[in-house]
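Report on one structure; see the data block that follows.
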Amino acid sequence: MIMEKNSFLFDPGEVTIIIPSYEPDYKLIETVDGLEAEGFTDIVVIDDGSGEEYAEIFRRVCEKTSVTLLSHPRNRGKGAALKTGFRFFLENRPDKAGAVTADGDGQHLPADVRACARRMMREESESPAAGEGPEGHAVVLGSRDFSDPSVPRRSRMGNRITRVVFSLLCGIRLSDTQTGLRAIPRACLSCLAGVRGSRFEYETNMLIDLKSRGTRLLEERIETVYIDSNRASHFRTFSDSVRLYSYLLFFGASSFTSWLIDLAVFYLLMRFAAPHFPAFAAAVDAVICNVVARCTGSFINYLINRNLVFRSWQTMRKTFFRFVCVVVFIMLSAGLCIKGLTLLFGIDRPLLATIIKVFVDFVFFFINFKLQRAWVFAEHRGKNR
């Protein structure tokens with residue numbers, strides 16, 4: 001146990017290091033040596049189906065007294081490897097306060113791993129009111145400086161895009177959304193073991209799940225290390241990017257499906273309702289048509305979001321009531337915007353009114369997502385799913 005500044009006692013032996021590894025080189029051995037030098041005595045390495053060609057490296061790693069080696073018979077992805085490590089921790093390390101995930105390719109310096117672990121432990125000691133669930137606890141993320149010239153272009157661009165998406169849709173404001181260095185207290189690991197995803201998208205889903213459960217996400221500045229322009233990375237630009245944004249893509253697909261139904265009903269009403277009911281022509285206008293169309297599309301949207309996107313365990317009565325409140329708010333706001341714009345520009349043709357609706361609905365898509373995520377389906381905070 002070492003006395004550090006601010007009179008905080010930090011013992012690296014209270015923390016488990018979890019390293020997912022696929023087809024490593026000798027940097028994995030150097031990483032383990034460096035972690036031992038920093039005082040860590042419990043290091044769990046997961047061989048994610050690397051094959052016989054890499055057996056010698058894992059054999060060398062196993063010679064370390066601090067290392068426990070877990071193996072997948074075939075490659076299952078970084079997310080699956082992390083979940084294997086989390087489950088092992090929960091079942092076999094009852095005396096540990098938390099775990100730190102790190103990469104074994106030399107990008108996470110042992111001193112930075114220690115800094116993140118120490119801050120996590122300090123936050124735990126200063127938050128005695130936090131319960132057994134993840135709410136109120138803090139996960140510490142090792143944050144890189146993407147303005148550094150050594151950062152590869154694809155990594156810099158990927159981080160910028162993810163930062164914008166997270167900020168707009170998820171309310172998560174982080175400078176480094178893709179870091180693999182994460183110090184996680186024990187109270188958060190049980191729920192993370194059940195988060196969707198098996199490859200790189202899992203780390204993104206982790207952040208979304210933690211945020212929705214009321215966990216604080218803190219950043220600790222670390223060294224920015226990219227070796228040989230990050231050529232050793234197993235990140236597949238297209239397929240893993242799709243997986244990375246799967247949570248948001250599912251919501252977008254759900255919204256797009258219900259939106260198409262909404263749009264079709266709106267156009268049909270505008271096209272056929274008023275001519276067949278001239279006595280009510282004044283009432284059967286953009287606002288009324290939008291209400292009917294939105295009710296039809298929204299019910300389908302609710303069913304998809306509840307069962308496939310947010311996977312809510314709450315009763316249908318509770319979530320549906322909140323969903324209806326959001327729908328009414330969005331519906332009336334969007335309808336008034338459509339009506340106002342059609343009057344402003346003197347539009348009386350169904351096709352032009354429908355085009356106006358497209359632009360209005362695009363804006364309200366983001367508002368709708370944030371309300372559903374933060375309120376309608378957010379009552380799973382603190383619960384283990």
Given the rule in the side-chain hydrogen bond (donor to acceptor under 3.5 Å, both in side chains) test, do T224 and D145 qualify, once you have shown the distances and angles that lead to the verdict?
CA-CA 6 Å; T224 304; D145 180 8; 5.5 Å; no
Check against side-chain hydrogen bond (donor to acceptor under 3.5 Å, both in side chains), S258 and Y302
CA-CA 9 Å; S258 59; Y302 168 78; over 6 Å; no
Determine, stepwise, if the pair R306 / N301 fulfils side-chain hydrogen bond (donor to acceptor under 3.5 Å, both in side chains).
CA-CA 8 Å; R306 181 178 183 272; N301 182 239; over 6 Å; no
side-chain contact (heavy atoms from CB on, under 4.5 Å) between I356 and I347, intermediate numbers included
CA-CA 9 Å; I356 290 292; I347 294 173; 3.7 Å; yes
Walk me through whether K78 and E203 qualify under salt bridge (Lys or Arg N to Asp or Glu O under 4.0 Å).
CA-CA 9 Å; K78 185 178 183 181; E203 292 181 299; 3.1 Å; yes
Candidate pair I367 and I330, rule side-chain contact (heavy atoms from CB on, under 4.5 Å), full reasoning
CA-CA 8 Å; I367 299 173; I330 297 291; 3.8 Å; yes
Does the pair R118 and E220 meet the rule for a salt bridge (Lys or Arg N to Asp or Glu O under 4.0 Å), with working shown?
CA-CA 10 Å; R118 180 185 182 278; E220 180 78 13; over 6 Å; no
Should D176 and R144 be marked as a salt bridge (Lys or Arg N to Asp or Glu O under 4.0 Å) after you check the CA-CA gap, both sets of side-chain angles, and the distance that decides it?
CA-CA 6 Å; D176 186 355; R144 297 162 291 182; 2.7 Å; yes
Criterion side-chain hydrogen bond (donor to acceptor under 3.5 Å, both in side chains) on H108 and T31, from CA distance to verdict
CA-CA 8 Å; H108 296 149; T31 297; over 6 Å; no
Test salt bridge (Lys or Arg N to Asp or Glu O under 4.0 Å) on R59 and E63 and set out the steps.
CA-CA 7 Å; R59 186 192 65 77; E63 292 176 351; 2.7 Å; yes
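Side chain of R196 to backbone of N205: no donor-acceptor contact under 3.5 angstrom is found. Judged by distance alone, the side chain of D105 and the main-chain N or O of Q107 form a donor-acceptor pair under 3.5 Å. A donor-acceptor contact shorter than 3.5 Å links the side chain of S125 to the backbone of R122. Using a distance-only test at 3.5 Å, with no hydrogens or angles considered, no donor-acceptor pair links the side chain of S298 to the main chain of C295. The backbone N or O of V100 sits nowhere less than 3.5 Å from a side-chain atom of R182 that would complete a donor-acceptor pair. Without hydrogens or angle criteria, D48 side chain to R76 main chain gives a donor-acceptor distance under 3.5 Å. Side-chain atoms of T215 come within 3.5 Å of backbone N or O of P134 as a donor-acceptor pair.
One hydrophobic cluster, built from ILVMFWY side chains closer than 4.5 Å, holds both F362 and L332. No path of Ile, Leu, Val, Met, Phe, Trp and Tyr side chains, each step under 4.5 Å between heavy atoms, connects L336 with V360, placing them in separate hydrophobic clusters. Cluster annotation: L263 and I304 are assigned to distinct hydrophobic clusters (Ile/Leu/Val/Met/Phe/Trp/Tyr, side-chain heavy-atom contacts under 4.5 Å, transitive). Neither Y267 nor F256 shares a network with the other; the hydrophobic side chains, linked directly or stepwise wherever heavy atoms of I, L, V, M, F, W or Y lie under 4.5 Å apart, form separate groups for each. Hydrophobic clustering (side-chain heavy atoms under 4.5 Å, transitive across Ile, Leu, Val, Met, Phe, Trp, Tyr) groups F329 together with V376.
Residues L69 and V61 are not in side-chain contact: their nearest non-hydrogen atoms beyond the backbone lie 4.5 Å or more apart. R114 has its side chain out of reach of L35: every pair of non-hydrogen atoms, C-beta onward, lies at least 4.5 Å apart. Residues I184 and L192 meet the side-chain proximity criterion, which asks for heavy atoms closer than 4.5 Å. Side-chain contact between R322 and Q372: absent, with no pair of heavy atoms (C-beta onward) separated by less than 4.5 Å. Within the 4.5 Å cutoff, the side chain of L174 has heavy atoms near those of the E219 side chain. A 4.5 Å side-chain heavy-atom check between E14 and K96 finds every atom pair outside the cut-off. The shortest distance between side-chain heavy atoms of F58 and P24 falls below 4.5 Å. You'll find the side chain of V326 reaches within 4.5 Å of the side chain of W375, heavy atoms only.
Aromatic ring orientation, F323 versus F377: tilted (interplanar angle from 30° to 60°).
Under the 3.5 Å distance criterion, with hydrogens and angles disregarded, a donor-acceptor pair is assigned to the side chains of S175 and S143. If you check the side chains of Y54 and S21, you find no donor sitting under 3.5 Å from an acceptor. Donor-acceptor pairing under 3.5 Å is recorded for the side chains of N305 and S254. Side-chain contact, R199 with N75: a donor N or O sits under 3.5 Å from an acceptor N or O. Remark: the E23 side chain and the S50 side chain contain no N/O donor-acceptor pair separated by less than 3.5 Å.
For the pair H72 and T84, the tightest heavy-atom approach, listed with the atom from each and the gap, is NE2-OG1, 2.7 Å. Contact detail for A81 and P20: the closest heavy-atom pair is CB-CB, 3.7 Å. For the pair I18 and A99, the tightest heavy-atom approach, listed with the atom from each and the gap, is CD1-CB, 3.8 Å. Between L210 and C188 the shortest heavy-atom distance is CD2-CB, 4.1 Å.
For the atom pair SG (C191) and CD (E135), the distance works out to 11.5 Å, reported to the nearest 0.5 Å. I43 contributes atom CD1, which lies 9.5 Å from atom OG1 of T68 (distance to the nearest 0.5 angstrom). Between atom CZ of residue F320 and atom CG of residue L303 there is a gap of 8.0 Å, rounded to the nearest 0.5 Å. We find the CG-CG distance between D262 and D361 to be 6.0 Å, quoted to the nearest 0.5 Å. The OG atom of S190 sits 11.5 Å away from the CZ atom of F89 when rounded to the nearest 0.5 Å. Note: I19 CD1 to I46 CD1 = 8.0 Å, rounded to the nearest 0.5 Å.
For K357 and F266, the positive end sits near the middle of the six-membered ring, less than 6.0 Å away and at most 45° from its axis.
The side-chain contact (heavy atoms from CB on, under 4.5 Å) test with L141 singles out one residue from L218, L207, T177, and that residue is L207.
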